[in-house]
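Proteins come first, then strands; the chains are lettered A, B, ... in the order of their sequence lines, and each starts at number 1. These values consider heavy atoms only, across backbone and side chains, with no hydrogens, waters or symmetry-generated copies.
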There are 2 protein chains.
Amino acid sequence: MTIKVLIADDQAMVRAGFAALLNAQEDIDIVGDAPDGVAAVTETTRLRPDVVLMDVRMPTMDGLEAAKRILSAPEARRPRVLMLTTFDIDDYVYEALRMGASGFLLKDAPPGDLISAVRIVAAGDALLAPSVTRRLIEECFKARPALRRSSRLDALTPREEEVLRLIARGLSNPEIAAALFVSEQTVKTHVGKVFAKLELRDRAQAVVCAYETGLVTAGDPRES
Amino acid sequence: MTIKVLIADDQAMVRAGFAALLNAQEDIDIVGDAPDGVAAVTETTRLRPDVVLMDVRMPTMDGLEAAKRILSAPEARRPRVLMLTTFDIDDYVYEALRMGASGFLLKDAPPGDLISAVRIVAAGDALLAPSVTRRLIEECFKARPALRRSSRLDALTPREEEVLRLIARGLSNPEIAAALFVSEQTVKTHVGKVFAKLELRDRAQAVVCAYETGLVTAGDPRES
DNA sequence: TCGCGTCTCACCCCCTGGGGTGAGACGGGC
DNA sequence: GCCCGTCTCACCCCAGGGGGTGAGACGCGA
């Protein structure tokens, strides 16, 4: 089964070039193109491509807005969107990925990259330009440098770490005591030791510390 | 200038194969190899490669631990580490990236991918297997849906939000008062209103709320 | 065997922080 | 004009949390 691709770019030359390149592949079929964001959205709903190659900068409606509309469609027949850009402007990257774009590619990438990129996103995977990947990783983990975590947090005993984890979920001392089946006084002792070891003043700072070190994470699924 | 590469893998066949493949490139030079994690660390310090190809599963010390030690070296002459794995086990991925690995590649990737991967990480960029990229993106953004933020937090007045932001940095009431040039009593009023509006019990829960809604973010650079 | 670390708990002090009520000043909208 | 929301501040109350000291029980390794 061939991969149906729609190309959205304001430069006719670019559309033609990409179309020629991709149409030369047996498993890829260009089903349509669009010179601006508005057309990209309408053509996508009309032609139902598997993959939309979307330029970021376009007249009437930019690629981000167009991608947003396309990706807000019901999941069932929603196409994958691969963003293309001449420069790697980071703000756009995060915005596009947040909206659910499957990848971000620089236009000066080797032709082979574009072809394999189409296959990858069609398969449901994602793909980023290397420089973009680097920044995404940093963005994703900058909050939790491994050193900061180990350096201070590993001074804690398992029990103390467990207590800190509960503090970081907003539990009071009596609640923690109930959760761990120990007396409130015991909890207070643990809490005090945690504060002393991590040089914290109160539980509010402990919560900050837990998030900043990565002990707990915003949107953490382990909040059972 | 050639890229000096060290290969760490417990299977001699794999080492030989990768070495042959990479040595065939003009700009890449295999300077050494290691059959386990311990050797990987010692050889890295001895040979100072630019890039270390590190298998995840190895005897005596696994690739993650070895990568951790290598990446905890002083920044100046620290090599890039590209993790290799047969299966894409996600736990390992995050752990490795958290520690500062430059990428994660599946061993069954096309040979060309490995070669370009070495060049990419040597250049300071990063590279992930497509399936890994997809999950990293999800991981990176699932925690901060734009919607969750507006839901409850927009009931706060600007001043209250400002106070919450300071609470979320671990400041006490007197400290917040000093920061905002108001009396401590005023701060207490604001704090009380924030708690009432967001149904919070104490500042620890307020900190949790601030992180979970995305008002503040772990590793937030705006911590001046 | 003797330590050492951890986990457990108790009693003390007392200050910060959370809760209630009330109120003056300022600004914008009806 | 008036009202309403916001920001400011004050006084009160007191429970909970943070800080110190001490101590018994257990397991582990030297």
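- Taking a cutoff of 4.0 Å between a charged side-chain nitrogen and a carboxylate oxygen, B:R165 and B:E162 do not qualify as a salt bridge.
- Within the 4.0 Å cut-off from OP1 or OP2 of C:dT8, at least one side-chain nitrogen or oxygen of A:R159 is found.
- When distances run from any side-chain atom of B:H190 to the nucleotides C:dC9, D:dC7, D:dA10, the shortest one goes to D:dC7.
- Under a cut-off of 6.0 angstrom, the local environment of NZ in A:K193 is sparse, with at most 12 non-hydrogen atoms contributed by other residues, nucleotides or ligands.
- Take the nearest nucleotide of DNA chain D for B:P158 and for A:L171: the residue whose nucleotide is more 5' is B:P158.
- Atom CZ of B:F181 is separated from atom P of D:dC7 by 18 Å (rounded to the nearest Å).
- Looking only at side-chain heavy atoms (C-beta outward), A:V182 and A:R159 come within less than 4.5 Å of each other.
- Distance A:Q205 CD to C:dT16 P: 14 Å, rounded to the nearest Å.
- Listed nucleotides D:dC9, C:dC9, C:dG17 differ in distance to B:N173; the shortest reach to its side chain belongs to C:dG17.
- Comparing A:A204 and B:E160 by the nucleotide of DNA chain D that holds the closest heavy atom to each, the one mapping nearer the 5' end is B:E160.
- Here the nucleotide nearest the side chain of A:V191, chosen from D:dT8, D:dG18, C:dT8, is D:dG18.
- Residue order along DNA chain C, read from the 5' end via each residue's closest nucleotide, puts A:K193 first among A:K193 and A:E184.
- With D:dT8, C:dG17, D:dG17 as the candidates, the nucleotide lying closest to the side chain of B:P174 is C:dG17.
- B:R201 has no side-chain polar atom (N or O) that falls below the 4.0 Å cut-off from OP1 or OP2 of C:dG18.
- Atom CG in A:L180 sits about 10 Å away from atom P in C:dC9, given to the nearest Å.
- The residues A:E184 and A:K188 are annotated as not salt-bridged, no charged nitrogen and carboxylate oxygen being separated by less than 4.0 angstrom.
- Taking the nucleotide of DNA chain C with the nearest heavy atom to each of A:K188 and A:D202, the more 5' of the two is matched to A:K188.
- Counting only heavy atoms from C-beta outward, the side chains of B:F18 and B:I30 never approach each other to under 4.5 Å.
- In this model, a side-chain donor or acceptor of B:T189 finds a partner on the base of D:dC9 within 3.5 Å.
- Residue-level contact check: B:S183 touches the backbone only, with heavy atoms under 4.0 Å from sugar-phosphate atoms and none from bases.
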